[in-house]
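Scroll down for the structure; my scribbles are underneath it.
Computed from a predicted model, the values in this text were never measured in an experiment. Quick note: residue numbers are just sequence positions, from 1.
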Amino acid sequence: MLKAGFISLGCSKNLVDTEVMLGILAENNIELTPEPEKADILIVNTCTFIQSAKEESITTVLNMAEYKQNGKCRSLIIAGCMGQRYGEELLKEFPEVDAIVGTGAWSRIMEAVNATINEHKRVLITGESKEIYTAASPRIYTTPFYTAYIKIAEGCNHRCAYCAIPYVRGNYRSRTIEDIKQEVERLAEKGVKEFNIIAQDTTYYGQDIYGKPSLVELLKELVKIDKVKWLRIQYAYPHTFTDELIDLIANEEKICNYVDLPLQHAHNAVLRSMRRSDTRESIEALLDKLRKRIPGVVIRSSFIVGFPGETASQYASLRDFLEKQHFDKVGIFSYSREEGTPAYDMPNQVPEDIMQERYHDLMSLQSKISETINISMEGKIVDVLIEGRDDKQHIAYGRSYREAPDVDGQVFIEGDDVSQPGDIVKVRILQGFDYDVVGERVEE
């Protein structure tokens with residue numbers, strides 16, 4: 001039996017593609033192995049979002065190529081965004097690579113395996129991105145048994161000036177409410193408690209198939225599923241974040257009071273240059289509504305420093321915005337110049353040293369803000385989904401509604417010798433730090 005090893009890079013949306021390809025391989029009697037030295041086939045699902053992601057993808061591919069010399073590997077396959085974007089170039093530059101499978105062709109992963117293993121061919125399989133998985137797709141979940149990502153749509157119709165995603169993943173295409181509900185019902189029966197709702201833009205969901213944004217209608221169906229405990233909405237764009245959605249989050253206890261709202265900047269001239277549809281004023285109005293109407297809401301956002309033409313005063317405006325808004329969680333990115341995007345050819349590209357200075361300045365500012373917020377949690381009791389434990393230290397750890405998987409901090413529970421992964425327990429916060437908090441378990 002052939003063995004395949006898989007490395008998934010990039011975002012959670014890419015991870016879902018990985019899990020579906022794993023399912024296809026398993027259906028075709030290919031054994032999966034976490035040990036690359038034992039794999040006949042090595043597949044790297046790559047990311048191409050920013051320069052650092054591309055560099056990580058290339059480094060990983062080259063590392064895996066060593067197993068063609070030192071292991072059993074007979075087929076090295078690049079899958080995902082980098083393969084879609086640079087397929088022909090990658091095949092030319094990396095003779096170690098046997099096949100490219102783009103984002104528009106993940107369902108053809110076995111075609112690449114057969115061509116490289118049985119026919120000894122090098123192949124490029126990309127094509128227009130029109131695919132999206134369904135509840136019927138084979139999928140091997142790599143997340144812990146109590147949590148899963150549910151990708152409700154693929155692609156993006158926005159054309160932000162800095163972003164290559166629409167050119168890699170195609171236009172927005174939603175799954176149906178019935179199909180998504182079927183997948184969630186099946187997983188809930190298997191013990192999944194936390195469902196992380198993802199798409200390139202979750203609040204745009206349904207526009208293409210129902211004629212209007214339909215995230216509210218989807219969530220109303222999902223909360224009816226008895227065994228669902230937490231529904232977490234991620235990648236929600238501000239301009240389609242409706243009052244109806246705000247009210248649903250506020251009133252439905254299964255939906256986490258957690259809003260992931262990528263804003264990217266706060267100066268109107270920069271937002272226009274980025275081709276974003278928001279203004280500082282519209283963003284501030286939305287943030288005010290979210291905080292007034294959703295009890296204890298946690299707001300995560302992301303921002304780009306060093307976008308072409310960003311002046312010192314425009315950066316100062318962004319810094320002032322973060323200082324005033326006190327976001328709970330923030331991701332800061334230095335602008336990455338991506339060929340093929342409108343921003344690539346814009347004048348007044350910001351020098352790298354200035355970008356780095358602004359990046360570190362904002363990261364330092366946000367670290368202090370996050371610590372202040374976490375300290376303010378001291379004494380409060382929250383439900384925590386247990387993820388693991390350290391028996392030697394008598395510590396369990398997990399996440400509350402305030403922390404999304406992979407991107408946020410954790411809750412460490414001192415003196416907990418009983419909680420097991422997948423349990424949801426009540427914890428009193430004792431001490432807050434910049435990213436994590438420490439607490440103690442309390443009996444209900």
Side-chain angles (χ1 to χ4, degrees), residues 2-11 13-32 36 39-49 53-54 56-58 60-65 67-68 73-134 136-140 142 151 154-156 164-173 200 339-340:
L2 291 173
K3 291 185 178 182
F6 221 116
I7 297 166
S8 189
L9 304 174
C11 65
K13 298 178 287 292
N14 214 36
L15 178 63
V16 173
D17 293 346
T18 292
E19 293 175 339
V20 177
M21 284 189 277
L22 287 172
I24 293 171
L25 293 172
E27 268 200 340
N28 285 272
N29 298 314
I30 293 178
E31 184 181 338
L32 305 175
D40 303 284
I41 306 148
L42 285 169
I43 304 168
V44 182
N45 198 11
T46 55
C47 179
T48 187
F49 182 51
K54 287 187 279 190
E56 181 187 22
S57 293
I58 291 298
T60 304
V61 168
L62 292 175
N63 288 340
M64 291 303 102
Y67 292 103
K68 297 187 83 172
C73 180
R74 292 187 282 150
S75 174
L76 177 59
I77 299 173
I78 292 179
C81 294
M82 179 171 276
Q84 182 75 19
R85 193 173 178 191
Y86 302 108
E88 291 186 9
E89 186 179 336
L90 290 169
L91 274 185
K92 288 178 184 175
E93 291 193 13
F94 298 99
E96 308 95 329
V97 173
D98 299 289
I100 306 286
V101 178
T103 53
W106 50 257
S107 64
R108 298 169 64 188
I109 186 67
M110 281 306 302
E111 187 179 326
V113 170
N114 290 328
T116 55
I117 293 289
N118 299 328
E119 301 171 28
H120 308 290
K121 291 180 180 177
R122 298 182 82 213
V123 291
L124 172 63
I125 307 172
T126 51
E128 188 178 353
S129 293
K130 290 184 177 179
E131 294 191 300
I132 185 166
Y133 85 104
T134 70
S137 301
R139 183 177 172 190
I140 293 178
T142 59
K151 184 155 61 168
E154 181 58 275
C156 187
I165 295 299
Y167 313 111
V168 174
R169 289 193 171 266
N171 286 330
Y172 201 95
R173 47 207 188 276
Q200 203 62 39
E339 62 270 25

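- Under the 3.5 Å distance criterion, the side-chain polar atoms of Asp40 are left unmatched by any main-chain donor or acceptor of Arg74.
- The NZ atom of Lys151 lies 9.0 Å from the CD atom of Gln200; values are rounded to the nearest 0.5 Å.
- The side-chain hydrogen bond (donor to acceptor under 3.5 Å, both in side chains) with Thr48 is formed by just one residue from the set Arg85, Gln84, Lys54; it is Arg85.
- Between Cys81 atom SG and Leu9 atom CG the span is 10.5 Å, to the nearest 0.5 Å.
- Distance CZ/Phe6 to CD1/Ile77: 8.0 Å, rounded to 0.5 Å.
- Glu88 CD: 12 or fewer foreign heavy atoms inside a 6.0 Å radius.
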query = Stepwise, does the side chain to side chain contact (heavy atoms under 4.5 Å, CB included) test hold for Val61 with Leu90?
reply = CA-CA 11 Å; Val61 168; Leu90 290 169; over 6 Å; no
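- In this structure, the side chain of Arg173 does not engage the main chain of Ile132 through any donor-acceptor pair within 3.5 Å.
- Contact check for Ile30 versus Val113: side-chain heavy atoms found under the 4.5 Å cut-off.
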request  = Determine, step by step, whether Arg169 and Asn14 satisfy the side-chain hydrogen bond (donor to acceptor under 3.5 Å, both in side chains) criterion, reporting the C-alpha distance in whole Å, the side-chain angles of both residues, the deciding distance to 0.1 Å, and the verdict.
outcome  = CA-CA 11 Å; Arg169 289 193 171 266; Asn14 214 36; 2.8 Å; yes
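- Under the 3.5 Å distance criterion, the side-chain polar atoms of Glu19 are matched with a main-chain donor or acceptor of Thr142.
- For residues 89-100, the pairs satisfying side chain to side chain donor-acceptor pair (under 3.5 Å) are Lys68-Asp98, with sequence neighbours left out.
- Remark: Ile41 CD1 to Thr116 OG1 distance equals 6.5 Å, nearest 0.5 Å.
- A donor-acceptor contact shorter than 3.5 Å is absent between the side chain of Arg108 and the backbone of Ile125.
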